[in-house]
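Structure, as structure tokens:
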Amino acid sequence: FVSVCRYSMKGLCSCLTLLLCVVSAQLDPFAPVYDRTNAECKNQISAGYLTVMEDGVPTNYSVVAGHPQYLNVSGSTITVAHGNAGMLAKKCHSKFSPYMYGKFHLLGKTFSFTSDIHQADCGCNASPFFSAVPAFGSDGRPVPGQRGLYQCAAHQHPPCPEMDAIEANKWAYQTTAHKCDPPKGRHYSKCDGGGCHYQSKRGNATAFGPGPTYTINTLKPFRTAITFVGESKLTALKIVMTQGTNHTEVTLSDSNCKEANYLEIFGDQISSHGMGIHLCYWGSAGSRMGWLDSPPCAKSTNCDQASSVTFSDLSISKAN
């Protein structure tokens with residue numbers, strides 16, 4: 001091939017180079033498979049394009065899922081039925097691959113979004129979160145997992161760093177950073193499932209809940225902004241919620257964590273290769289969600305599996 005390229009016409013060389021690239025892509029089991037004929041990007045793994053603002057520029061990502069029929073995507077809005085989740089992919093794909101996901105670098109940035117969780121009652125969990133996808137095995141190769149999605153989280157195997165922007169229902173929310181033990185290459189063997197977190201139920205009792213007596217009335221849409229404070233290292237997470245003229249603000253720092261320098265280590269891990277966005281809604285028995293919402297919820301109250309939640313107007317921008 002080198003000889004052909006060296007001595008043949010420029011046009012022939014270009015053709016052979018292109019052919020070699022195509023053949024190589026077909027032999028690569030991790031090569032992405034694009035759906036180039038679907039203008040709306042709705043197929044067997046994609047629910048359509050979601051518009052995300054990146055530093056003020058609207059960018060379209062396809063929302064991929066194991067069951068995309070349970071996601072409703074329109075413009076900058078996504079509605080997620082119970083027991084489902086969508087992830088943002090860089091292009092329109094027709095098959096899952098490890099390098100398909102959009103990756104976001106969060107240090108020094110603010111991630112903001114609007115939530116409508118009025119249907120998410122006790123036992124439910126509406127969760128926009130980040131993780132360091134794809135998962136990697138100890139052999140350094142991507143791991144598809146049981147469902148073939150190449151996803152990972154702090155509680156999964158193999159695990160990876162995870163940032164829960166919020167896990168919420170209309171009674172309570174929690175924001176959590178999950179760091180991991182030092183990786184070997186890109187393989188993490190153990191992550192902190194409990195994480196470093198702020199829980200609304202342990203804070204101001206009237207800040208967040210259903211009804212007009214709460215600062216953030218969860219029966220109506222509200223906006224959340226998570227700022228990853230720091231330029232060269234993560235020093236804190238600032239959580240601001242707004243609804244009309246009302247707002248709440250809390251800061252998650254190392255004083256909330258199990259060990260010193262927790263957030264700095266976490267910040268290094270999420271900055272290494274970027275983080276993918278999941279938009280998730282789940283929950284079952286109330287007894288399994290007590291860590292989030294009990295009290296005020298009774299552990300005997302189960303999540304309504306006919307419910308859904310809506311996230312809209314996602315934005316990632318440089319922190320002010």
Side-chain angles (χ1 to χ4, degrees), residues 80-85 113-129 153-155 162-179 191-226 236-259 262-263 278-311:
V80 184
H82 174 271
N84 289 276
F113 55 95
T114 297
S115 304
D116 183 350
I117 60 171
H118 73 276
Q119 293 186 31
D121 214 326
C122 296
C124 300
N125 190 323
S127 178
F129 72 96
H155 297 85
E162 176 184 341
M163 176 68 219
D164 301 319
I166 60 170
E167 295 182 273
N169 57 41
K170 64 185 180 183
W171 294 99
Y173 80 88
Q174 177 170 306
T175 294
T176 311
H178 299 269
K179 77 172 183 65
C191 295
D192 181 12
C196 176
H197 58 257
Y198 170 81
Q199 292 181 309
S200 66
K201 69 179 183 180
R202 302 186 187 280
N204 183 344
T206 62
F208 184 91
T213 59
Y214 293 91
T215 304
I216 301 299
N217 176 3
T218 55
L219 299 181
K220 298 180 179 181
F222 61 93
R223 192 153 184 85
T224 303
I226 311 290
L237 296 164
K238 185 170 72 172
I239 308 146
V240 178
M241 291 185 173
T242 55
Q243 188 178 62
T245 58
N246 292 348
H247 85 282
T248 67
E249 181 176 330
V250 297
T251 298
L252 178 65
S253 64
D254 277 335
S255 63
N256 301 90
C257 304
K258 303 172 184 177
E259 59 188 79
Y262 189 105
L263 292 181
H278 308 245
L279 300 166
C280 180
Y281 182 47
W282 63 287
S284 54
S287 58
R288 300 180 63 184
M289 204 63 70
W291 58 269
L292 173 65
D293 60 19
S294 178
C297 291
K299 293 183 179 181
S300 58
T301 304
N302 299 333
C303 181
D304 178 5
Q305 299 189 17
S307 58
S308 63
V309 298
T310 297
F311 304 111

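Only a predicted model underlies this, so the values are computations on that prediction, with no experimental measurement involved.
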Checklist entry - What residue pairs, at least two apart or across chains, pass salt bridge (charged side-chain N to carboxylate O under 4.0 Å, His left out) with a residue in residues 192-204? => result Asp192-Lys258
Item to check | Minimum heavy-atom distance Ala207-Thr215, with the two atoms named | outcome: O-CB, 3.5 Å
Item to check | Gln199 side-chain N/O to Ala172 backbone N/O, donor-acceptor pair under 3.5 Å | outcome: no
Checklist entry - Residues two or more places apart in sequence or in another chain: which of them pass side chain to side chain contact (heavy atoms under 4.5 Å, CB included) with Ala126? => result Ile117, Tyr281, Val309, Phe311
Checklist entry - Any chance the side chains of Ser253 and Thr251 put a donor and an acceptor closer than 3.5 Å? => result no
Item to check | Closest heavy-atom pair and its distance - His178, Tyr262 | outcome: CA-OH, 3.8 Å
Checklist entry - Ala177 and Leu237: which non-hydrogen atoms are nearest, and at how many Å? => result CB-CD1, 4.2 Å
Checklist entry - Tell me the salt bridge (charged side-chain N to carboxylate O under 4.0 Å, His left out) pairs involving residues 164-179, sequence neighbours left out? => result Asp121-Lys170, Lys179-Glu259
Item to check | Non-hydrogen side-chain atoms of Thr248 and Ile216 separated by less than 4.5 Å | outcome: yes
Item to check | Interatomic distance, Thr176 atom OG1 to Leu292 atom CG [nearest 0.5 angstrom] | outcome: 9.0 Å
Item to check | Side-chain heavy atoms of Gln119 within contact of Ser308, under 4.5 Å | outcome: yes
Checklist entry - Ignoring hydrogens and geometry, is there a side-chain-to-backbone donor-acceptor pair from Asn84 to His82 under 3.5 Å? => result yes
Checklist entry - Any idea which heavy atoms bring Asn169 and Cys124 closest together, and the distance? => result ND2-O, 3.1 Å
Next on the checklist: Filter on salt bridge (charged side-chain N to carboxylate O under 4.0 Å, His left out), then keep only pairs touching residues 284-299, sequence neighbours left out; what's left?
Outcome noted: none
Checklist outcome for this item: Sorted by chain and residue number, the side chain to side chain donor-acceptor pair (under 3.5 Å) partners of Ser200 (sequence neighbours excluded) come out as none
Checklist entry - Is any side-chain heavy atom of Met163 less than 4.5 Å from a side-chain heavy atom of Thr175? => result yes
Next on the checklist: Counting C-beta onward and ignoring hydrogens, is there a side-chain heavy-atom pair between Ile239 and Tyr173 closer than 4.5 Å?
Outcome noted: yes
Item to check | Residues which pass ring-ring contact (aromatic ring centres under 6.0 Å, His included) with Tyr214, listed by chain and number, not counting sequence neighbours | outcome: none
Checklist entry - Would a distance-only check, ignoring hydrogens and angles, find a side-chain to backbone donor-acceptor pair under 3.5 Å from Gln243 to Asn217? => result yes
Checklist outcome for this item: Taking every heavy atom of Leu263 against every heavy atom of Cys257, the minimum-distance pair comes out as CG-SG, 4.2 Å
Checklist entry - Minimum heavy-atom separation for Gly203 to Tyr198, with atom names? => result CA-OH, 3.6 Å
Checklist entry - Taking it one step at a time, do Cys297 and Cys122 satisfy disulfide bond (SG atoms under 2.5 Å apart)? => result CA-CA 6 Å; Cys297 291; Cys122 296; 2.0 Å; yes
Checklist entry - CH2/Trp171 to OG1/Thr301 distance, rounded to the nearest 0.5 angstrom? => result 10.0 Å
Checklist entry - Hey, what do you get for CG (Asp116) to NZ (Lys220), rounding to the nearest 0.5 Å? => result 11.5 Å
Checklist outcome for this item: CD1 of Ile166 to CZ of Phe113, rounded to nearest 0.5 Å, is 4.0 Å
Checklist entry - Mind checking whether Asn302 and Ser284 have side chains closer than 4.5 Å, heavy atoms only? => result no
